[in-house]
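Chain identifiers are assigned alphabetically (A, B, ...) following the order of the sequence lines, protein sequences preceding nucleic acid strands; residue numbering begins at 1 within each chain.
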Amino acid sequence: MTKDRMIKEMVLRAWQRALEDGKIRSKPDPDKVVVEIPKETVQADYATTVAMMLARIEGRSPREIARTIQDYLQEDPQAISERVELAGPGYLNITLKPDQWRQVLLEVDAKRERFGQVEIGGGRCVQVEFVSANPTGPLHVGHGRWAAVGNALANLLQAAGYEAHREYYNNDSGRQIKLLGQSVYARYQHLVGNPVADPEDGYRGAYVTEMAQRLRDRVGDTYRAKTIEACLDFFTRAALKEMTALIRKDLEVFGITFDSWFSEASLYESGAVQNALDDLRKKDYLYEKDGALWFRSTQFKDDKDRVVRKEDGEFTYLASDIAYHRDKLSRGFDFLINIWGADHHGYIARMEAVVLALGYPKEKLRILIGQLVTLVRNGQPVPMSKRAGEFVTLRDVVNEVGKDAAVFFFLMRRLDSHLEFDLELAKRQSNENPVYYVQYAHARLCSVDRQAKEQGVRLKDSRQIRLDRLTEPEELKLMKRLDAFPKLIEESARALEPHRLTFYLLELAGILHHYYNKHRIISDDPDLTQARLLLVSSVKTVMANALGILGVSAPERM
RNA sequence: GCGCCCAUAGCUCAGUUGGAUAGAGCGUCUGACUACGAAUCAGAAGGCCGGGGGUUCAAAUCCCUCUGGGCGCACCA
């Protein structure tokens, strides 16, 4: 049982006895007993607001009720509390016996890399789909954010007891892909001495020319002067293959791998698009109008109906998205998570309509919207247009500031908050990046371990260690933060917010550095040394666990 | 015009799902290595939580409204 749970039980017991003695009229109600961790300036471990919640029902002042409950709490023989104080408008502030906190060290020691894992997922299976960029160019900085967040979220869900499956939906079909093929075709003809006009709105980045060069090196001038109709297929396929491989590589360099890659084109090849539409048609959710085929999404709260097949017979991307989500939903996941950029939020309503139309509850799909990354260089906004070829790639950023710093940076903000990424700042201040603050703490503790070893100190079995020697306020503070880790995993997973771990790490590292500067870990007092080594080893373990979830390395040396 | 998101210290952002006197980092100023790693630490200054109303014992947090920004509103992906 968690500590806040034990406190809650204690308060309910006190309430019950107060009821029996006629001091409180209403019956104990667990919903009214809110136990929380008070803000730092308050000298207590937990606080309950029960007296304030009861004030109106009881018709007495909160402080008066609090005093009553306080009396009963202090009489409780099974209390894990050392002190119960009445404060402010009617808070009961509860301070635990220090020994309650010391137990966490034994738990960390026993569980090691599994410390922090919780079971709220109950083995349920979740699919996280993220990045899913068009394979028409390298990943840019914005994609990095989805990559870092999606990966960390999947790790977080796993730590919380879910099965998490990472998937990349490759949009390898449609007009943009065709445009890519045309762009490479034009560059190729240019290289073999047959200049043709670049397609309007075509892709112009240097990587397009490079692809054309590699093609020329491979096939010579085989396709020189051939019409685009005759060889577009060749150029499109070649470009697609290269771009997909490039994106995979970009992600790999960023430390992220997917469990599966799903091809949009395969949905057409397998007939899945047709099947999905047939399914909807049978349910009367499709109709013809003006030569096009429409999806009746307004039946499910969308603003307007959406075209799935255009007048010219081509399918819209929505058609393949319907088929894709139908496929995902049929695979037996308990729910799906899509991470989309804010520029796609307009599609949420229609995707939810799709889920409902396919006969699934809306809750099966959770779409997380991330605010876009604003890229800044030398204080000037950098336009991120793929077509114009003006963008800074994810690879560039990783090369400049390092994988760990980039990942940590992307996870430093809430997903629905804008992220300003100043490249010059990230480069110039790479040593001041908060990630180093955390990693340094970890490396420092590894160094302490090495130092201890050199001095011939051997850590005893944790059960033999005199934990009661840990009495410094900083030590208690560290143990409390360690104790909070499993709950943090639980709450972050529930909220689907991995960024909370980033802040937790910064805080834990801060307390650790403070402690380190103030107290010596290895001293000539053997018992104290043992106890402190166990403490910092626990801190090290928890840091490594949290960093692991974020996808950031925990270096032993820096 | 309509919809979604955002607005908190000079800057960049947290704020445990409604709790107490709102917190960090950076930047600024002052200090700490003959001790386990100074990529560190200690101290100082910095606020009408965009404005107004409402719900509540209690609002940065929930509701309404206004202002200011971002992003959408295709038979493009």
Side-chain angles (χ1 to χ4, degrees), chain A residues 34 36-42 47 49 51-56 61-62 87-91 93 133-134 136 171 173-177 179 201 264 289-294 303-304 306-312 314-318 320-321 341-349 369-372 374 412-414 416-420 422 425 429-437 439-441 443-452 454-455 484 487-488 491-492 494-495 499-500 502-504 506-507 509-510 512-523 529 532-533 536 557-558:
Chain A
V34 175
E36 57 187 25
I37 297 173
K39 30 178 273 181
E40 214 180 318
T41 45
V42 173
T49 54
M52 271 117 65
M53 308 270 274
L54 273 174
R56 199 227 277 262
S61 83
Y91 290 96
N93 289 340
N134 284 342
T136 53
N171 297 103
S173 171
R175 213 173 72 91
Q176 298 306 320
I177 300 301
L179 201 54
D201 295 330
E264 179 188 6
K289 192 182 89 182
D290 305 332
L293 187 63
W294 296 73
D303 298 338
K304 47 183 291 190
R306 308 291 173 175
V307 170
V308 292
R309 197 188 60 223
K310 295 183 274 181
E311 207 175 352
D312 64 8
E314 293 276 310
F315 289 104
T316 63
Y317 73 94
L318 181 60
S320 47
D321 267 353
D343 53 339
H344 287 76
H345 78 256
Y347 308 116
I348 296 175
I369 290 301
Q371 292 301 314
L372 300 180
T374 313
M412 283 244 303
R413 277 146 187 83
R414 252 182 21 222
D416 57 7
S417 163
H418 287 91
L419 172 55
E420 194 171 288
D422 191 318
L425 199 74
Q429 297 195 331
S430 62
N431 276 8
E432 294 163 37
N433 193 306
V435 69
Y436 293 102
Y437 186 75
Q439 288 184 319
Y440 181 65
R444 205 175 210 186
L445 295 182
C446 291
S447 172
V448 172
D449 277 353
R450 288 192 293 268
Q451 187 72 28
E454 266 174 41
Q455 296 184 20
K487 185 122 192 232
L488 175 78
E491 284 167 353
S492 307
R494 197 162 270 150
H499 79 273
R500 294 189 192 188
T502 316
F503 288 91
Y504 173 80
L506 286 166
E507 192 192 352
L512 187 273
H513 284 310
H514 170 74
Y515 173 60
Y516 183 90
N517 275 72
K518 193 164 171 188
H519 303 286
R520 280 196 65 83
I521 292 155
I522 303 167
S523 65
T529 300
R532 285 183 171 174
L533 280 173
V536 297
R557 286 191 168 86
M558 293 173 71

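- In this structure, A:R56 reaches the B:C57 phosphate: one of its side-chain N or O atoms is under 4.0 Å from OP1 or OP2.
- Among the protein residues, A:A484 comes within range of no part of the nucleic acid, since none of its heavy atoms lies under 4.0 Å from any strand.
- Rounded to whole Å, the distance from CD on A:E36 to C1' on B:G15 is 13 Å.
- By the 4.5 Å heavy-atom criterion applied to side chains, A:Q455 and A:I522 are counted as neighbours.
- Within 4.0 Å of A:A441, counting heavy atoms only, lies no atom of the nucleic acid at all.
- Nearest nucleotide to the side chain of A:H345, out of B:C76, B:G69, B:C71: B:C71.
- Contact annotation: A:Y437 reaches the phosphate of B:C41 (side-chain N/O to OP1 or OP2, under 4.0 Å).
- The line from OG of A:S447 to OH of A:Y516 is 6.0 Å long, rounded to the nearest 0.5 Å.
- For A:Q451, whose side chain is taken as the heavy atoms from C-beta onward, the closest listed nucleotide among B:C76, B:C13, B:C36 is B:C36.
- For A:F503, counting side-chain heavy atoms from C-beta on, the closest listed nucleotide (B:A20, B:C13, B:G37) is B:C13.
- An OP1 or OP2 oxygen of B:C36 is reached within less than 4.0 angstrom by no side-chain nitrogen or oxygen of A:R532.
- Listed candidates were B:C57, B:C5, B:C76. Nearest to the side chain of A:Q371 is B:C5.
- With B:A35, B:G70, B:U16 as the candidates, the nucleotide lying closest to the side chain of A:R520 is B:A35.
- With contacts defined as side-chain heavy-atom distances shorter than 4.5 Å, the pair A:Q371/A:S417 does not qualify.
- Between A:Q439 atom CD and B:A39 atom P the separation is 14 Å, expressed in whole Å.
- When distances run from any side-chain atom of A:R444 to the nucleotides B:C57, B:U40, B:A20, the shortest one goes to B:U40.
- Within 4.0 Å of A:Y440, counting heavy atoms only, lies at least one base atom of the nucleic acid.
- One can place CG of A:D312 at 12 Å from C1' of B:C76, the figure rounded to the nearest angstrom.
- One finds the CG atom of A:L512 at 8.5 Å from the OH atom of A:Y437 (value rounded to the nearest 0.5 Å).
- Between A:Y504 atom OH and B:A24 atom C1' the separation is 16 Å, expressed in whole Å.
- Ranked by how close their nearest RNA chain B nucleotide is to the 5' end, A:V448 and A:R414 are led by A:R414.
- Rounded to a whole angstrom, the distance from the P atom of B:U40 to that of B:U55 is 50 Å.
- Rounded to a whole Å, the CG atom of A:L419 is 14 Å from the C1' atom of B:C6.
- In this structure, A:W294 contributes its side chain and A:K289 its backbone to a donor-acceptor pair below 3.5 Å.
- Contact check, A:K39 against B:G23: a side-chain N or O comes under 4.0 Å of OP1 or OP2.
- Atoms OH (A:Y317) and P (B:A74) sit 10 Å apart, rounded to a whole Å.
- When the P atom is compared between B:G72 and B:U8, the two are found 22 Å apart, to the nearest whole Å.
- Taking atom C1' on both nucleotides, B:A9 is separated from B:A14 by 13 Å, rounded to a whole Å.
- Rounded to whole Å, the C1' atom of B:A74 lies 22 Å from the corresponding atom of B:C5.
- Regarding A:H519, its NE2 atom lies at a distance of 12 Å from the P atom of B:A42, rounded to whole Å.
- When heavy atoms are screened at a 4.0 angstrom cut-off, A:K304 is found touching the sugar-phosphate backbone but no base atom.
- Side-chain nitrogen and oxygen atoms of A:T49 include none within less than 4.0 Å of the OP1 or OP2 phosphate oxygen of B:A20.
- Considering only the side chain of A:A342, B:C71 comes nearest among B:G37, B:A20, B:C71.
- Across the C1' atoms, B:U61 and B:U16 are found 12 Å apart, a figure rounded to whole Å.
- When the C1' atom is used for both B:U21 and B:U28, the distance is 25 Å, rounded to whole Å.
- Within 4.0 Å (heavy atoms only), A:A452 reaches no atom of the nucleic acid at all.
- To the nearest 0.5 Å, the span separating NZ on A:K487 from CZ on A:R494 amounts to 9.5 Å.
- B:C6 and B:G15 are spaced 12 Å apart, taking the P atom of each and rounding to whole Å.
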_Let me check I have this right: for RNA chain B, each base becomes ., (, ), [, ] or |, based on Watson-Crick or G-U pairs with both distances under 3.5 Å. What is the full string?_
(((((.(..((((.....[...)))).(((((.......))))).....(((((..]....)))))).)))))....
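- Checking the phosphate oxygens (OP1, OP2) of B:A42, a side-chain nitrogen or oxygen of A:H514 falls inside 4.0 Å.
- Residue A:Y436 has no polar side-chain atom (N or O) positioned under 4.0 Å from OP1 or OP2 of B:A39.
- Taking every side-chain heavy atom of A:M52 into account, B:C57 is the closest of B:C57, B:G37, B:C75.
- Comparing the C1' positions of B:G52 and B:C48 gives a spacing of 13 Å, expressed to the nearest Å.
- In this structure, A:T502 contributes its side chain and A:H499 its backbone to a donor-acceptor pair below 3.5 Å.
- RNA chain B is contacted by both A:G510 and A:H499; A:H499 maps to the nucleotide lying nearer its 5′ end (nearest heavy atom per residue).
- Between A:D416 atom CG and B:C13 atom P the separation is 12 Å, expressed in whole Å.
- Using a 4.5 Å heavy-atom threshold, the side chains of A:Y515 and A:V536 count as touching.
- Looking at heavy atoms from C-beta onward, A:L179 lies out of side-chain contact with A:T136 at the 4.5 angstrom threshold.
- Donor-acceptor pairing under 3.5 Å is recorded for the side chains of A:S320 and A:E264.
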